[in-house]
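When reading the values below, keep in mind they use all heavy atoms of this one structure, side chains included, and skip hydrogens, waters and symmetry mates.
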Amino acid sequence: MLAVNEVSPDQLQAEKEKEESASCSGSKTAAGSELDDDYNGKCDKDTEQQKKKMPRSRPDSIFYLERSFCTGGELPVAAARLYNLEVTPVPLPSHLAKTIALVVFWGVCLAFHQAQRALMSDMDLSGRGTEVSFKRHVSGPLQVSINGVLVVLISVYAMLSYVYSKTLLDKVYNAILIPKTWGGQLGVSLAMFTIAIASSWGLTNNWVAAAAGLFMFFGWAVCGRIVQRQASSRGQIGLGPSQWDADEGSSFHIGSWCPDKGQLLACDEESSSEGTNSSTTSPGSGSLRDSCRTTPQVCGKLIAGDAGSRLRFVAVRPDPFTLADDAVVVEMIGQEKGIYKGPCGRANIFRLDVIVILLLSFGMHLPWFVLGGGGYNQCPGIIELVVSLLYIPFGYTCFAAFGFRIALSVRDGVIVILALCLWPFINLVLGGKGCATLTELVVAKTLPQIWNPHATEILFDRGFASCSEFAYGLGGETLLVASTTAAAWVHVMSNFSFLFGFGYGLVKKWRNRLNIEKVVIS
């Protein structure tokens, strides 16, 4: 067996060729799963001249997305998508518990909305919509029937979006949240940034559509994950050796090591079994970095979830001072040992560029966001209707996954909800808005004429006069009812996932806080 300081140049070259062949040949492991196809893909070898032209990427994708230089820019996304689908850190509530909780949620939100409106009225911030009247051009019984069918159909559409949120995540939205190419990541990021900034300036003239846009951005931020192949001088997203030739000798998570196990630094398989403690030799600098590939042995916390036969999700920390929810998939080879299979990446919300956009959009316009939740500064019509129908399946899917499961996987996910979402205040504002709007519409507390077959004139006061008049001219009473119903459902189930899902999971997590299994990954 070779000691680290006795390795000859010829042996180093042979070892380098062996590693390049192993990492780029696409060889299968015993698991034989999609993960192996994704992570063992063939990498294009760059010439020495090309390497010199490539600038060193900034660490950790901290301000912009790093480009992958392997396989035309494809990213190893299989484990990250599986993480979104299957990670389950706490047991989920039963269907009966959810049904009972929904009734309680509805009552609490109604009470909160009434209290908010009373407070805003006392402060002369009522935000009441402008009342306008319209002549009914369709026969009363027919129009009332149309109104009823619309309310039922849109409500069924919303509930089905919630019930089948996991299927939608698997078949549709995972590919958007976690694109397989660097170009896709960049394109989706720019699109979401544009939606967030544009929506923030619409809170005063079309609150529902603007709020839906902001929460569409937030759903992408918390459920979308960034995965990359390059290593850097700091903790990285993923684990194992970098697949970029210029990163020879570097690994992901080189700064994350087990205090009781140390970190293995090796030049070949035999020497890797002995290792060198990272407290005496830094894995990120010195001759070892130049002569040996770092093979980190990292401590992680096991997260419950069905990743497949003998495959488990493990949360790892890239840096003790970095907020992140990095995780990997490992193949368990013992009760406390696992072999790295692939990266689950890091949620977009922990990227600095996403935080900046969040502050510039939601943060800077928070007062208008809250005031709009208690008022009727809406713009009913085709834009509100279309945006609402597009948001409902996307938002319900993201926040069902995030509120009930993903946010509870690691401590930093909990911090995101408590700090960035201002939980539970913002969710009570939004939930109250949706529940109150739909309840008052159905029980005829507001807009009673839409259920009166004998009415020849209807009064509408749920928004700005110009918007209401334009919508009525475009689609009549039908468009006003459809737009209002869809706008109400925008805020219901997303905030149910935040309030009940996260609250229930937090209690479960606190009760099981001492039952955390640690795993050593190699």
Side-chain angles (χ1 to χ4, degrees), residues 105-106 108-132 195-219 357-381 383-385 387-388 391 395 399 417-441 445-447 460-468 471 480 483-496 498-499:
F105 161 82
W106 206 285
V108 170
C109 286
L110 282 176
F112 183 89
H113 184 75
Q114 291 172 358
Q116 181 185 359
R117 285 206 53 78
L119 179 61
M120 290 175 60
S121 297
D122 292 342
M123 299 175 64
D124 198 23
L125 297 170
S126 61
R128 192 73 187 176
T130 305
E131 185 176 88
V132 292
I195 289 173
I197 296 298
S199 297
S200 67
W201 291 101
L203 288 170
T204 56
N205 50 41
N206 195 337
W207 188 89
V208 172
L214 284 173
F215 265 75
M216 184 176 290
F217 163 75
F218 192 75
I357 297 298
L358 182 67
L359 294 176
L360 290 177
S361 55
F362 179 77
M364 289 181 60
H365 297 85
L366 181 60
W368 294 271
F369 190 87
V370 174
L371 291 175
Y376 298 136
N377 52 340
Q378 297 171 219
C379 187
I383 294 178
E384 183 181 77
L385 175 62
V387 170
S388 298
Y391 168 81
F399 296 126
I417 284 192
L418 296 178
L420 297 183
C421 297
L422 301 180
W423 188 89
F425 173 70
I426 292 296
N427 307 109
L428 286 170
V429 170
L430 295 176
K433 173 82 167 181
C435 293
T437 300
L438 189 61
T439 300
E440 292 173 358
L441 186 71
K445 184 177 181 180
T446 59
L447 314 179
F460 192 86
D461 63 353
R462 304 293 293 195
F464 299 114
S466 59
C467 293
S468 302
L480 291 176
S483 177
T484 304
T485 305
W489 276 108
V490 161
H491 309 295
V492 177
M493 299 309 296
S494 294
N495 293 284
F496 172 73
F498 268 110
L499 288 172

A.B. asks: Could you tell me which non-hydrogen atom of F362 sits nearest to which non-hydrogen atom of L214, and how far apart they are?
C.D. replies: N-CD2, 4.2 Å
A.B. asks: Output yes when a side-chain donor or acceptor of N206 lies under 3.5 Å from a complementary backbone atom of G202, and no otherwise.
C.D. replies: no
A.B. asks: Compute the ring centroids of Y391 and F215, then answer whether they are less than 6.0 Å apart.
C.D. replies: no
A.B. asks: Heavy atoms only: give me the nearest C421-N427 pair and the separation to one decimal.
C.D. replies: O-OD1, 4.5 Å
A.B. asks: What distance separates L385 CG from L480 CG, expressed to the nearest 0.5 Å?
C.D. replies: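 Here the rounded value is 11.0 Å.
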A.B. asks: Hey, could you give me the CG/CD1 distance between L499 and I417, rounded to the nearest 0.5 Å?
C.D. replies: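 Those atoms lie 9.5 Å apart.
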A.B. asks: Within a strict 4.5 Å, meaning less than it, do heavy atoms of the I426 and F369 side chains meet?
C.D. replies: yes
A.B. asks: When you take the SG atom of each Cys, C379 and C467, is the space between them under 2.5 Å?
C.D. replies: yes
A.B. asks: Is H365 reaching over with its side chain to a backbone N or O of S361, donor-acceptor style, under 3.5 angstrom?
C.D. replies: yes
A.B. asks: Closest heavy-atom contact between V490 and A212?
C.D. replies: CG1-CB, 4.3 Å
A.B. asks: Measuring from L371:CG to L203:CG, what's the distance to the nearest 0.5 Å?
C.D. replies: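 Here the interatomic distance stands at 10.5 Å.
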A.B. asks: Please give me the minimum heavy-atom distance between L428 and F112, naming the atom from each residue.
C.D. replies: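 Nearest pair, atom of L428 first, then F112: O-CD2, 3.5 Å.
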A.B. asks: S199 side chain to A196 main-chain N or O, any donor-acceptor pair under 3.5 Å?
C.D. replies: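 Not confirmed, S199 side chain does not pair with A196 backbone.
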A.B. asks: Just wondering, do R462 and T437 contact through their side chains at under 4.5 Å, heavy atoms?
C.D. replies: yes
A.B. asks: Hey, which of W106, F498, W207 is the one that makes ring-ring contact (aromatic ring centres under 6.0 Å, His included) with H491?
C.D. replies: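 The single option meeting the ring-ring contact (aromatic ring centres under 6.0 Å, His included) with H491 is W207.
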A.B. asks: Are the side chain of K433 and the backbone of V208 linked by a donor-acceptor contact shorter than 3.5 Å?
C.D. replies: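 No; zero donor-acceptor contacts below 3.5 Å.
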A.B. asks: Taking atom CG of L420 as the centre, report whether more than 12 heavy atoms of other residues, nucleotides or ligands fall under 6.0 Å from it.
C.D. replies: yes
A.B. asks: Mind listing the closest non-hydrogen atom pair of S200 and I197 along with its distance?
C.D. replies: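 Smallest interatomic distance, heavy atoms only, reads OG-O, 2.7 Å.
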A.B. asks: Working to the nearest 0.5 angstrom, can you tell me the gap between H113 NE2 and Q116 CD?
C.D. replies: 6.5 Å
A.B. asks: To the closest 0.5 Å, what do you measure between CD (E384) and OG1 (T484)?
C.D. replies: 6.0 Å
A.B. asks: So do the side chains of F105 and C435 get within less than 4.5 Å of each other, counting heavy atoms only?
C.D. replies: yes
A.B. asks: Can you measure from CD (E131) to CZ (F460) and round to the nearest 0.5 angstrom?
C.D. replies: 11.0 Å
A.B. asks: Identify the heavy atoms of S483 and P380 that sit nearest to each other, and give their distance.
C.D. replies: OG-CA, 3.6 Å
